[in-house]
Amino acid sequence: MTRLVGLCLVAGVLLAGVLFPVVGGAGLLLARAGDRVTGPVALPADVEPPLMTTLVDADGEPFAHLYDQYRVPTASDGISQAMKDAIVAVEDHRFYEHQGVDWVATARAALRNYASGGVVQGASTLTQQYVKNLLVHVVARDDPLRRERLRVRTPARKLREIRMAITLENTLSKDEILTRYLNTVPFGAGTYGVAAAAQAYFGTTPDLLTVPQAALLAALVNSPTALDPEQHPDAASQRRDLVIDLMARHGALVPEVAERAKREPLGVRSPVRPLPTGCVGADPGTGFFCSFVVDQLVAGGFDLERLKTGGYTVRTTLDRNASAAAERAVEAQVPSDTPGVANTMAVVKPGREEHRVLALVANRDHGVDAQRFQTMLDLPGGVANKFGAGSVYKIFTAAAALEQGYRVDSVIPSPASYTSRVFKGGAPGCPSTGEPDTRWYCLSNHDDGYPPRMTLRQALATSPNTAFVILEERVGLDAVVDVAHRLGMRRTLASNIAGEPPDPDSPRPGLRVDQAGFFTDRQNASFTLGPAPSSTLELANVAATIVGGGTWCEPTTLVAVLDRHGEPVGLPPSPCEQAVPEPLANALAVALSDDDDRGTAAAAARAHAWTRPAIGKTGTTEEYKSAAFLGATVDYAGAVQTFNDSPEPRAVCVGAGPPRLCGTGNLYGGTAPAHTWFDAMTEIHTGLPAAPLPPVAEGFRAKPGDR
C-alpha cells in the first residue's frame, strides 16, 4: 500500500510539472526548481550547430575539410522519405500526433521506472530528443562538465526538456523539427547528422538512402557504440530488422517490402570513417596548399575554431592540373622517400590585379609521420629553404642596376677573381682592411671560362659571381635589398637568417633582426649570391611580378568565402602595387630570357624540348646544400628549390640515382631544380600558344659607348 501511494504521488507531481506550460500554476514549484538547477539557455531554434567548412578548388571540387563535428546541413527535401519514416517508427511513432510531449508514454515510463527502482524505459519524443542533443552536442560541446550534467537523467532536466519541446512545437513545423533532429543527432563513427552518416557508412547522400540503409542509421541512434555494424554486426542487424518491422507496423512499408529489406546485407563501407579533417587529411598533393589557405584565412581575421564550426565554403585558386603536374615533376627529380633532400615548387598566375597561387607542392607529404617522410613545415610556401636560393638573387642586383641607368646590354666586368674595396667581412684568405680582424670581401668565379667582360644579359645567363658583386658595389647594397623587397621577397626578408621571425632576445645577433636589416646594417656583399633562407612561393611571385609588367600583388589562394547560408563573407583585399616601372620590368624580363637557350639552364630546357619564350635564372649555394630555379612565361610563373631538409648540414649530390646527401656536393640550379621546372611547365602549358615576352623600351637598349 505504501509503495502504491508513493507511485501515485510521483505520477501526480510529474504530470503537474510537465503540464506547467499549459495549465500554469500547477507545476510552478518544480519549474522554478528546474530553473535554479539549470539556469536560462537560448531556445534550440536560436542555436546554430557547428558545421563543416569545405575548401574547394578553382573548379568547385572539394579537396579539404575542416570541422570539429562532422556535420553537413541538409534540407528536408534532401533526406529520403525512408530515413524520415525509419526514425519516426523506432523513436517516436506518435510524432505527428503529439505537441512535443507524449503524455501517455511519459506517465507510463514514470510508473515503470518508479516501480523498478531505476530507469528501465524512456519516453522522450523526437522533439525532446532534439532538445537534448542540441544542448549536449551543440550548446555544451566545449564544456565537458556541463555536457555530463545534461546527460544525467533528473526530474529537473526532464522538465526543462519538456518545456523547451513544447515551445518548439509552437514555433516550428513538424517537418522542420524532424529535419533539425536528423541534422543534429550523432550516428556514431564520428558523424553528426544524417548526411555525414550516409557518407561514412554507405558512401552516399541522404536523399538516396534505401530502406535497409535508413533503418540501420535509425537503429544506431539508440546506441552507436553497442550497435556499431563493424564491431557488432549481429546486434546491428537485429536492431535494423526491428526498425524495419516497426516501419511496416506503422504503415510506412508493406510487409513484402519489409521482408525483402531484412534480407539485404548491412552493406556498410569498410572501414566506416568520416571525411578526414584538417590539411593532413586533404586530398593527395594538396596538403601544403590547404595549410597556406588556412594561414591566409587566419591572417584575414578568421580563427581556427570559427573555421572548424562555421560551415563555410572556401573557394580557392587551386588548379588541380597544374598542381598534379608540379607534384609529378618534383617527385620525378627527387622521390618522396629520398632521405634528407626536399624538392619544392610553387606556381603563380601573373596578373595586373592579382597573383593567384595555382600550386604549392613538395616531394614530401603534409603530415606528422616523419618516418614516412611527412612534415608539417610549410616547405613550398614558407621560408623553408634554410640555405638560400643562390644566384637567383642576382636578379635583384640587375634590377637595381636597370633602375640606376644600366641597360640590358650594358657591359660589366667579370674577372676570374675579385677583391672588393667597398664591402668588408671577407673570409680568411681575403686581404686585410687594416682594421683588427677585418678583411675585404673577396671571391672567385666557379670556373675560369668566363670572358673578362660581358653584357648584363650575358651575365644573367651565365652567372659569374664577380660581375654581380662589382655591380652591387656600383648600385649600392641598400638599393639591391630594396628592389628585392619590392619585387616580392617580403616574407623572406622579414624573417631572420634562420628563416624564423626575428627574436630580440636571441644570444645570436643575426637572429635578432630581419634579413633586410642583417645585410644592409653589415653591408654584407653576399646578398647578391643568395645565401639566406628563402621562400619558393615568393621566388615564383617575383617571376610573376617581372612578366606582369612590374606589378607586385600579394600571392593569394582565396577567391571567396561563403557562409553556411551561401552569403559572401568579406575578406581583406589582396594588395597590388607597381613594384618597378613597366618598361624596367620588360627590360629585366628580356635580360633574363637567355638562360634556357645559352645559359645555365639550357641543358635542362633541351632535355624537355622547351621552345617557348621564357625568363629564367638558376641559383646554387656555395656549399651545394641547396639550389633553385626561377622562371616564367607570360602565362605562368614558377620556382623550384631543392635543398637539404635534414638535421645535418651536408651537401647534396646528383647523378646516377636519386639526389643524396654527400660530402662535397654537385647540386646546381640547372640540375634538379631546372629539370623540375621544365618538366612541370611543359605539361602546364599544353595547348597554349607560345606568347612572346614584351619588347624592350628604347631607354633600356644599349647605346654606342655605353658603360
**OP:** Not counting sequence neighbours, which residues clear ring-ring contact (aromatic ring centres under 6.0 Å, His included) with Tyr312? List them please.
**Re:** Phe302
Original post:
Between Ser76 and Lys84, do the side chains contain an N or O donor and an N or O acceptor separated by less than 3.5 Å?
Top reply: yes
**OP:** For Phe373, enumerate each residue passing the ring-ring contact (aromatic ring centres under 6.0 Å, His included) test, keeping only those at least two apart in sequence or located in another chain.
**Re:** none
Original post:
Which of these passes side chain to side chain contact (heavy atoms under 4.5 Å, CB included) with Val194: Val185, Thr205, Asp207, Ile79?
Top reply: Ile79
**OP:** Check ring-ring contact (aromatic ring centres under 6.0 Å, His included) between His250 and all other residues, then give those that pass, not counting sequence neighbours.
**Re:** His93
**OP:** Rounded to the nearest 0.5 Å, what's the gap from OG1 on Thr184 to CZ on Arg71? Could you check?
**Re:** 5.5 Å
Original post:
Quick check: does any side chain N or O of Thr204 sit under 3.5 Å from a backbone N or O of Ala198, one acting as donor and the other as acceptor?
Top reply: no
Subject >> Polar contact flag, side-chain donor to acceptor under 3.5 angstrom, Thr127-Glu169 >> reply: yes
Original post:
Does the side chain of His98 pick up a donor-acceptor pair with the side chain of Asp92 at under 3.5 Å?
Top reply: yes
Original post:
Has the side chain of Asp57 got a donor or acceptor atom that lies under 3.5 Å from a matching backbone atom of Asp319?
Top reply: no
Original post:
Is it the case that Tyr181 and Gln129 place a side-chain donor and acceptor less than 3.5 Å from each other?
Top reply: yes
Original post:
Just checking, any donor-acceptor pair under 3.5 angstrom between side chains of Ser173 and Asp175?
Top reply: no
**OP:** Could you grab the distance from atom CD1 of Ile177 to atom CZ of Arg180, nearest 0.5 Å is fine?
**Re:** 8.5 Å
Original post:
Taking the side chain from Gln69 and the backbone from Pro186, do they hold a donor-acceptor pair closer than 3.5 Å?
Top reply: no
Subject >> Side-chain (Thr316) to main-chain (Val314) donor-acceptor, under 3.5 angstrom >> reply: no
Original post:
Does the side chain of Leu304 reach to within under 4.5 Å of the side chain of Val294, using non-hydrogen atoms?
Top reply: yes
Subject >> Approximate separation, where rounding is to 0.5 Å, of Lys308 NZ and Leu66 CG >> reply: 8.5 Å
Original post:
So, does Glu264 use its side chain to make a donor-acceptor pair with the main chain of Ala261 at under 3.5 Å?
Top reply: no
**OP:** Using a cut-off of 6.0 Å, state whether more than 12 heavy atoms not belonging to Arg306 lie near its atom CZ.
**Re:** yes
Original post:
His65: what forms a ring-ring contact (aromatic ring centres under 6.0 Å, His included) with it, not counting sequence neighbours?
Top reply: none
**OP:** Verify the distance criterion only: is there a donor paired with an acceptor across the side chains of Gln128 and Thr125 at less than 3.5 Å?
**Re:** yes
Give every donor-acceptor pair under 3.5 Å between a side-chain atom in residues 216-238 and any protein atom, sequence neighbours left out.
| from | atom 1 | to | atom 2 | distance (Å) |
| --- | --- | --- | --- | --- |
| Ser223 | OG | Ala226 | N | 3.4 |
| Asp228 | OD1 | Glu230 | N | 2.9 |
| Glu230 | OE2 | Val272 | N | 3.1 |

**OP:** Give, for atom CZ of Arg564 and atom OG1 of Thr53, the distance between the pair rounded to the nearest 0.5 Å.
**Re:** 8.5 Å
Original post:
Okay, side chain of Tyr201, backbone of Ala196: is any donor-acceptor separation there less than 3.5 Å?
Top reply: no
Original post:
Applying side chain to side chain donor-acceptor pair (under 3.5 Å), which residue pairs with at least one partner in residues 281-296 are found, sequence neighbours left out?
Top reply: Asp283-Arg320, Gln296-Thr557
